[in-house]
Every structure is written in structure tokens, then in C-alpha cells.
2 protein chains.
Amino acid sequence: MEENTNYTEILKREGMKSTKHRNAILLLLEQSEDPITAEELYISLKENTALINLSTVYRTLDIFVSKNLVIKSTMDDGKARYELNHHEHKHHLFCVGCHKVISIEDCPMGELQESLKKKIDFDVTGHKLEIYGYCHNCKKV
Amino acid sequence: MEENTNYTEILKREGMKSTKHRNAILLLLEQSEDPITAEELYISLKENTALINLSTVYRTLDIFVSKNLVIKSTMDDGKARYELNHHEHKHHLFCVGCHKVISIEDCPMGELQESLKKKIDFDVTGHKLEIYGYCHNCKKV
DNA sequence: ATGCAAATGCAAGGCGTTTGCAAGTAAGTT
DNA sequence: AACTTACTTGCAAACGCCTTGCATTTGCAT
Ligand SMILES: [Mn+2]
Ligand SMILES: [Mn+2]
Ligand SMILES: [Zn+2]
Ligand SMILES: [Zn+2]
């Protein structure tokens, strides 16, 4: 197959073969505004790009996650979502009024991390923070 | 069955029948230091208290959650953990080594909340913070 | 072009959780 | 205490998301 796009170099650099499926998945992830599930990827690929097996989607995503190309988040509905890793430390504000998502780069974890190390000998390697509230347009009356 | 403990009143107040299993589950949750899985509860009940079916454990926990007696947290290993709701503001440490979950009452959100209000006029109503890392026993060498 | 390791499709299985149904039980009524 | 009824439970089957074993196909180094 020779529809390989510009992702070929990234794949090579990470020691992966450049295949149609992998390029298509990276493209879809890049085009997606929000994190998406494996099945959403699978359906979108099937409809727009090329037949693919769901297990291939999972295997590909797993590899991308292990290479730190993709971030996997387990949500409360039991489905994992995947997004490209842009190597920024960011968090999201979810407006419970209009469902808008706002990205912020603020992070309040710094001091807590040290205090956890001292108090209970827990070495923090990462964290997940989601903030809920009302955006400017949806402020309570 | 008449091993009903002091939880009878709580159950009544919430409109639930007081049964052996429900009392036992509440007791176990109260005795547990950290949030535990349904299966851990199930095994502990089977060994120490009384035979019970795993589906009964799940059904009971679901009801407790719906009555706000219990807090359910979905973790990255795909298993939900349950703990008594003490109506405190708390967060969870998830050990990526042994998958133990530790509850903490520290919260670093205070200042960020005010700064978000000032900077982008966002009114925070809630947040979810999960912290990943290595517990005392799993520290890297 | 050839050869081999890596990637894929397919079907089956794993695992945590849920559900339908029949039997059992709590607790109010008589 | 016996009756009544709705709630609770055990059991087995099924669910949904995800993983895995194996035969086949493919990328890519030589
Ligand atoms: Mn952060
Ligand atoms: Mn908090
Ligand atoms: Zn809004
Ligand atoms: Zn640990």
C-alpha cells in the first residue's frame, strides 16, 4: 500500500513500520478535536478510509501509547479515549452549561506532589485533573 | 437472619430493607482503610462473614452509590473501587505498581479556582483529581 | 527479487460487570 | 403467629470493552 503520508518519518523514528492503517489512525487523531474511542476510530476508518479490524485499532493505539505518541484516558463510562500527545501539560475546563471545553495550562499540583512525598512516601508520576463549572456565557443569574 | 448491626437505621432511613448482606458490606467498607473493589469485598465476605453472590455485591454497591452512602471511582485498571462516603472532599492516589488506591484529603485547587475566576471568568463548581505514582512498597530501586 | 520479522484479519476468549428469572426473605397487616 | 407482598438474592447466562493465538499478508532491509 502506498498512501503513506507524512507520518512515515515519525513511525520510522519510533521503530515502527509505516502502514496504511497506522498513517490513517494518526491522521484521524490529528483531525479530531476531542479525544475519541477506539470504536469511533474504527467506524470512521471503515467509512472513510479503509477496512480495518477493531483489534488492529486497539493494537495500534496500544503501541502509540507505549511510544508516547498518544495519550489514553479511561473515562467513567468504561471506554478509553485516545488523543495525540502534543507534549503540553494541560487541563480542561468543562462548562456544565454549554459543554464547551477550555484548555488551560495552569496546574496546581506542584506543592501537593512534594507534600505527598514527605507525608506518605508516595512518588507522583502523573495526574489527571478535570474541572467543572460555568463559563462566561453560562454564568448563573 | 438476625445478625443485623447498627446499620439497620441507616438502611431504613434510605428506604432499604436491612439484610445480612447489606449490613456486612457496610461494615466491611467501614473497616477498610482504602477504597476496595467489588471482588475484594466478595472474597472477604465469603471468607469471613457469609456466602454471598458476586452479583449481589454489585447490586448492593450500586444502590449504596445511588443513595450517596458510597463513592465509586473508576480507575485506569478497569476496576471500580468503592468506599464509604464520609462527605469529605477527597482525592485518590493510584499506585501504578500494585494498583492500590489511597484516599487523601489534600486538595490543591483553592488558588487555581480563584485565578480562573479572575483570568477567564470561569466559575468552578467541581473537579476530579486522580494522582498516579508509586506507593511506599513499590518505589523504584 | 528474495527473505524474514513485523503487522493484520479472524475468531475465540478474558474480564469486570449486568440482567432475567425463580426462589427466598424482611417487614407491615391482620 | 400467620398472611401478604414487595423487595432481595442466587444462579446462569449474557453483556461490552478489550486482548490474544494463529495463519496469512505486508513492509522493508538485503
Ligand atoms: Mn496538572
Ligand atoms: Mn479537590
Ligand atoms: Zn458554558
Ligand atoms: Zn504500590
Side-chain angles (χ1 to χ4, degrees), chain A residues 1-5 7-26 35-43 45-46 49-67 69-70 72-82, chain B residues 1-5 7-26 35-46 49-67 69-70 72-82 94 99 101:
Chain A
M1 306 296 151
E2 285 312 324
E3 304 177 27
N4 291 354
T5 70
Y7 299 108
T8 300
E9 293 171 15
I10 297 176
L11 291 167
K12 284 240 165 75
R13 188 206 320 137
E14 300 290 344
M16 314 171 64
K17 288 184 181 171
S18 172
T19 71
K20 184 168 84 173
H21 291 332
R22 286 176 177 169
N23 279 275
I25 288 176
L26 286 175
I36 51 180
T37 66
E39 188 169 28
E40 285 165 349
L41 259 169
Y42 166 66
I43 290 172
L45 284 166
K46 227 170 43 174
T49 312
L51 280 182
I52 189 174
N53 195 277
L54 184 54
S55 58
T56 303
V57 175
Y58 277 111
R59 276 192 280 230
T60 304
L61 289 171
D62 281 352
I63 293 177
F64 287 168
V65 168
S66 77
K67 305 280 188 186
L69 292 177
V70 163
K72 170 182 182 178
S73 315
T74 306
M75 298 285 167
D76 274 358
D77 63 353
K79 299 181 192 172
R81 322 269 159 151
Y82 301 84
Chain B
M1 305 297 148
E2 285 313 321
E3 302 178 27
N4 292 351
T5 68
Y7 299 108
T8 301
E9 293 170 17
I10 298 176
L11 291 166
K12 284 239 164 75
R13 188 206 319 137
E14 301 289 342
M16 313 170 65
K17 287 184 181 170
S18 172
T19 70
K20 183 168 85 172
H21 291 333
R22 287 175 178 169
N23 279 275
I25 287 176
L26 286 174
I36 51 180
T37 67
E39 187 169 29
E40 285 166 350
L41 258 168
Y42 166 66
I43 290 172
S44 178
L45 284 166
K46 226 170 44 173
T49 312
L51 279 183
I52 189 173
N53 194 276
L54 184 53
S55 57
T56 302
V57 175
Y58 277 112
R59 277 192 279 233
T60 304
L61 289 171
D62 281 352
I63 294 176
F64 287 168
V65 169
S66 76
K67 307 278 188 188
L69 293 176
V70 163
K72 171 182 181 177
S73 313
T74 306
M75 292 275 134
D76 272 0
D77 66 350
K79 298 182 193 172
R81 321 273 156 146
Y82 301 84
F94 183 77
H99 291 193
V101 176

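Throughout, a chain's letter reflects where its sequence line sits, starting with A, and its residues are numbered from 1.
Rounded to whole Å, the distance from CZ on F64(A) to C1' on dA7(C) is 12 Å. The interatomic distance linking Y82(B) (OH) with dT17(C) (C1') rounds to 8 Å, in whole Å. Going from atom CG of N23(A) over to atom C1' of dT26(D) covers 14 Å, rounded to whole Å. Put simply, OH on Y58(A) is 14 Å from C1' on dC15(C), counting in whole angstrom units. Between Y7(A) atom OH and dG27(D) atom P the separation is 19 Å, expressed in whole Å. Per the geometry, CD1 belonging to I63(B) stands 11 Å off C1' belonging to dT9(D), to the nearest Å. In this structure, CG of D77(B) is placed 14 Å from C1' of dT17(C), rounded to the nearest angstrom. As a whole-Å value, the separation of L45(B) CG from dG10(D) P is 10 Å.
In this structure, T60(A) contributes its side chain and T56(A) its backbone to a donor-acceptor pair below 3.5 Å. Using modelled atom types, one side-chain atom of R22(A) and one backbone atom of K17(A) make a donor-acceptor pair closer than 3.5 Å.
Listed by chain and residue number, Y42(B), L51(B) satisfy the side-chain contact (heavy atoms from CB on, under 4.5 Å) test with K46(B) (two or more places apart in sequence, or in another chain).
Set against dA6(C), dC18(D), dT8(D), the side chain of M16(B) has dT8(D) as its closest nucleotide. The side chain of S18(B) sits closest to dA27(C) out of dT8(D), dA27(C), dC18(D). Which of dA29(D), dG27(D), dC18(D) sits closest to the side chain of K12(A) comes down to dA29(D).
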N/O to N/O distances under 3.5 Å, protein versus nucleotides 8-12 of chain C:
unit_1  : atom_1 : unit_2 : atom_2 : d
dT8(C)  : OP1    : T19(A) : OG1    : 2.7
dG9(C)  : OP1    : H21(A) : NE2    : 3.0
dG9(C)  : OP2    : N53(A) : N      : 3.0
dG9(C)  : OP2    : T56(A) : OG1    : 2.5
dG9(C)  : N7     : R59(A) : NH2    : 3.1
dG9(C)  : O6     : R59(A) : NH2    : 3.1
dC10(C) : N4     : S55(A) : OG     : 3.4
dC10(C) : N4     : R59(A) : NH2    : 3.4

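In this model, the phosphate group of dC17(D) is approached by a side-chain N or O of K79(A) to a distance below 4.0 Å at OP1 or OP2.
Nearest heavy atoms, L54(A) versus A38(A): CD1-O, 4.2 Å. Contact record, Y82(A) with T37(A): CD1-C, 4.5 Å, taken as the closest heavy-atom pair.
The side-chain heavy atoms of N53(B) and Y58(B), taken from C-beta on, include no pair separated by under 4.5 Å.
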